[in-house]
Amino acid sequence: MGSAVMRDAIKGIRDWYVTEGRAPETAPRASAIFGELVFNDEVQRARLPKAVYRALRRTITRGEPLDLSVADTIATAMKDWAVEHGATHYTHWFQPLTGITAEKHDSFLSPTPDGRAVAEFNGKELIQGEPDASSFPSGGMRSTFEARGYTAWDPTSPPWLLVSGKAVTLVIPTAFVSWTGEALDKKTPLLRSMEALSRQAVRILRLFGSPAERVVTTCGPEQEYFLIDRYFYLNRPDLINAGRTLFGARPPKGQELEDQYFGAIPERAMALMSEVETELYRCGVPVKTRHNEVAPGQYEVAPVFENANVATDHQMMTMEALRRLAPKYGLACLLHEKPFAGVNGSGKHLNWSMSDDQGNNLLNPGDTPHENMQFLIFCAAVLRAVDTWQGLLRMSIASAGNDHRLGANEAPPAILSIFLGDMLTDIFEQIETGRAKSTKQGGLLDTGVMVLPKLPRDPGDRNRTSPFAFTGAKFEFRAVSANQSIGFPNIALNTAVADALDVTATELEKAMKGGKSLEEAVYGVLRAIVKNHKRIIFNGNGYSKEWEKEAAKRGLLNLKNTVDALPELVKPGVVTIFEKHRVLNERELHARYEINLETYVKTVNVEAQLMVLMANRYILPAAIGYQTEVANSVAALKAAGAASRGTAKALKTITGLVDDLKSRADTLADLLEHTDDSTLKHAKFMRDQVIPAMNALREAGDALEVVCPHETWPLPTYREMLFVR
């Protein structure tokens with residue numbers, strides 16, 4: 001079996017190079033195609049009457065409601081543009097609480113009384129759709145028989161055309177709410193959280209004399225992923241159904257030589273990347289960076305910064321494009337957080353900042369951040385937010401998959417902390433103590449090579465072990481997992497910072513009403529924030545055991561797994577700030593808590609059932625076959641009077657491993673019979689009983705892989721999957 005799959009993979013690679021790789025098409029210039037499939041501002045300006053265009057821009061920039069007559073004009077122009085590009089259908093594209101996107105395609109075609117048909121699309125169809133809400137997770141907000149739900153057009157995220165084969169579909173980004181108005185998706189609370197942060201940020205900007213009327217959060221998520229040969233993928237039931245390998249012994253070579261990171265990109269992977277980038281460019285997604293990541297077969301793609309709502313949509317489009325186009329190149333794209341045990345998993349670093357409508361990045365420290373009061377007050381507000389609401393932020397990235405990453409020596413720890421770097425830490429220390437001294441500066445970096453120029457040096461090093469790091473004009477939330485939408489991490493971060501800005505603005509306003517100057521008020525507030533929240537600042541090695549002990553002394557949370565982290569979402573303080581800032585109400589929060597718990601239980605249950613199936617149907621028959629061969633060899637040697645200690649020892653080893661495998665598979669199967677009326681108790685049982693039994697079963701299966709012959713082993717191995725390019 002192993003040899004046959006390997007032969008198929010090699011043949012597939014050879015065939016690809018013959019048919020596809022011999023004369024690859026030159027990718028079009030990005031600048032020539034960027035946004036050509038987007039109903040963007042340029043298209044809107046050209047196709048809409050001036051009054052309608054201005055009304056739409058006011059809706060997008062100021063949040064003003066859109067009149068239905070205006071929507072009719074926009075819908076007609078949008079339909080005409082889409083049809084000219086070959087579109088036959090449109091879809092309201094939304095992000096339910098499943099972790100993926102959803103879409104229902106409707107034709108533009110409308111029959112006429114004379115037996116003909118015309119393409120029609122009106123404002124009501126643009127603004128509102130009505131998919132069945134009963135089949136999506138609701139966490140108890142909706143009963144199965146209560147099916148009505150609505151999609152609502154999001155004008156701030158431009159529509160685009162999905163070209164798949166010969167089909168062209170107009171994709172309209174939408175929010176998804178129930179008949180009662182409660183959010184059933186990730187876009188609705190994201191937009192609410194952005195509004196909440198904007199309100200509080202503008203309060204502070206006004207104190208500094210800024211004319212800004214609106215602040216948006218911006219982000220640029222870095223996406224890590226694996227590519228393996230599709231023949232191997234199709235012969236791994238665990239990858240197909242769970243997204244990760246549930247069995248698999250470590251290969252002789254993994255990432256020990258550190259020769260993968262930033263290495264030359266394999267040709268098949270490059271061909272896929274190029275097509276994905278071309279498609280994303282046409283749809284207006286500003287992907288910029290591509291490179292090999294640390295683990296064999298691992299890669300990364302990263303965009304430039306955008307409005308956080310649009311960036312969230314574009315992030316989902318990027319993952320979908322990678323998954324959809326990979327098979328064209330004989331590849332499978334793995335977006336699981338930990339597809340291969342023993343090598344680095346995949347994260348999604350969420351680079352996050354705030355910008356006002358004047359074009360200013362509020363987290364840009366400038367050349368002299370110690371003199372930039374506005375920057376320091378916004379930076380300190382983030383400091384306050386992360387410390388105060390560390391449990392919420394930890395919960396926002398919790399999942400069964402991410403439990404395999406967080407805390408390992410490859411990803412940020414489960415303990416939330418902020419890396420500020422030497423210069424900012426020094427500045428905040430001076431503010432707290434009131435003792436000014438020379439502030440650390442970046443200066444120039446002398447490489448010591450005469451032909452190389454002196455490089456401007458940042459005022460602080462970077463820290464890859466920090467889960468939340470200031471990396472120059474932005475914070476990088478590094479603990480987000482590869483497979484998840486950035487929607488909820490953004491919602492949690494926006495809401496936490498909105499609350500911190502609210503408290504900060506109130507303190508500044510109170511101090512200035514009391515007669516203090518702006519400078520005095522800022523200094524007093526900054527000093528109090530640093531004094532009360534400096535425990536969250538940590539610039540050292542987040543992987544060390546010493547930090548875990550130090551964090552405990554500081555009183556920081558160490559929520560090591562999803563079951564520990566999820567209850568943070570429904571703590572009274574968290575409910576209070578979400579309701580106060582009108583992001584999610586208590587019912588909506590509890591629904592998400594229940595959905596996440598159920599998802600955790602279902603994920604572990606699926607994986608455990610898969611393990612039992614694979615052990616009994618794949619590994620056990622192969623191992624027994626080899627055991628029989630060895631037993632026959634022992635018997636033949638004895639009959640010939642030439643007994644072999646080595647053969648007898650091999651038989652004893654394989655027999656013991658087979659017995660272990662069967663016993664552990666039966667134990668796991670018995671544990672899966674457990675039921676509980678409480679989802680939380682059931683989740684704890686999965687964590688405390690089922691997962692350890694899964695680990696034990698894997699240990700037995702991986703031990704058998706090491707001793708069984710390759711040609712009889714039923715599953716592609718790590719050595720093949722990670723290194724056959």
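Keep in mind that the numbers below use all heavy atoms, side chains included, and drop hydrogens, waters and symmetry copies. This structure is a prediction, so every number in the text was calculated from the model and none was measured.
- Residues N372 and N364 approach most closely at ND2-O, 3.7 Å, considering heavy atoms.
- Considering all non-hydrogen atoms of both residues, Q689 and L671 come closest at O-CD1, 3.6 Å.
- For the pair K534 and E429, the salt-bridge criterion is not met [side-chain N within less than 4.0 Å of a carboxylate O].
- Partners of N605 according to the side chain to side chain contact (heavy atoms under 4.5 Å, CB included) rule, which considers only residues two or more places apart in sequence or in another chain, are Q609, L672, M686.
- For the pair K348 and E222, the salt-bridge criterion is not met [side-chain N within less than 4.0 Å of a carboxylate O].
- Taking the six-membered ring wherever Trp is involved, the centroid distance between the rings of F475 and F468 falls below 6.0 Å.
- Considering only residues two or more places apart in sequence or on other chains, A385 meets the side chain to side chain contact (heavy atoms under 4.5 Å, CB included) condition with A496, V497, A500.
- Here R535 pairs with D387 in a salt bridge; the nearest charged N to carboxylate O distance falls below 4.0 Å.
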(Q) Run E588 and R192 through salt bridge (Lys or Arg N to Asp or Glu O under 4.0 Å) and show every step you take. (A) CA-CA 13 Å; E588 290 170 320; R192 292 173 184 170; 3.4 Å; yes

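- Remark: S481 pairs with E337, Q484 by the side chain to side chain donor-acceptor pair (under 3.5 Å) rule, at least two apart or across chains.
- Of the inter-residue distances, the one linking L697 atom CG with L246 atom CG reads 9.5 Å to the nearest 0.5 angstrom.
- Counting heavy atoms from C-beta on, the side chains of Y150 and T174 never come closer than 4.5 Å.
- Contact annotation: the side chain of N561 never approaches that of Y600 to less than 4.5 Å [non-hydrogen atoms, C-beta and beyond].
- For the ring pair (Phe, Tyr, Trp, His ring centres under 6.0 Å) condition, no pair includes a residue of residues 558-588, sequence neighbours left out.
- Partners of R554 by salt bridge (Lys or Arg N to Asp or Glu O under 4.0 Å), not counting sequence neighbours, listed by chain and number: E550.
- Ring geometry for F94 versus F176: interplanar angle of 30 to 60°, hence tilted.
- Between the CD1 atom in I418 and the CD atom in Q390 there is a gap of 10.0 Å [rounded to 0.5 Å].
- Annotation: side chain to side chain contact (heavy atoms under 4.5 Å, CB included) contacts of L680 (sequence neighbours excluded): V563, Y593, L597, S678, K684.
- Between the CG atom in L406 and the NZ atom in K560 there is a gap of 12.5 Å [rounded to 0.5 Å].
- Shown here are the salt bridge (Lys or Arg N to Asp or Glu O under 4.0 Å) partners of E195, two or more places apart in sequence or in another chain: R214.
- For F226, the ring-ring contact (aromatic ring centres under 6.0 Å, His included) partners at least two apart in sequence or on another chain are F340.
- Contacts of D564 classified as salt bridge (Lys or Arg N to Asp or Glu O under 4.0 Å), with partners at least two apart in sequence or in another chain: R687.
- Contact check on D313 versus K187 returns a salt bridge, with a Lys/Arg side-chain nitrogen under 4.0 Å from an Asp/Glu carboxylate oxygen.
- The only member of L526, L207, L518 that meets side chain to side chain contact (heavy atoms under 4.5 Å, CB included) when paired with M373 is L518.
- Residues satisfying the side chain to side chain contact (heavy atoms under 4.5 Å, CB included) criterion with P155, sequence neighbours excluded, are L56, T59, I60, W153.
- Salt bridge E548/K553: absent, no basic N to carboxylate O contact under 4.0 Å.
- The distance from atom NE2 of H314 to atom CE of M319, rounded to the nearest 0.5 Å, is 13.5 Å.
- Here the CZ atom belonging to R405 is positioned 7.5 Å from the OG atom belonging to S346, to the nearest 0.5 angstrom.
- Considering only residues two or more places apart in sequence or on other chains, K571 meets the salt bridge (Lys or Arg N to Asp or Glu O under 4.0 Å) condition with E568.
- In this view, K580 and D502 satisfy the side chain to side chain donor-acceptor pair (under 3.5 Å) rule, not counting sequence neighbours.
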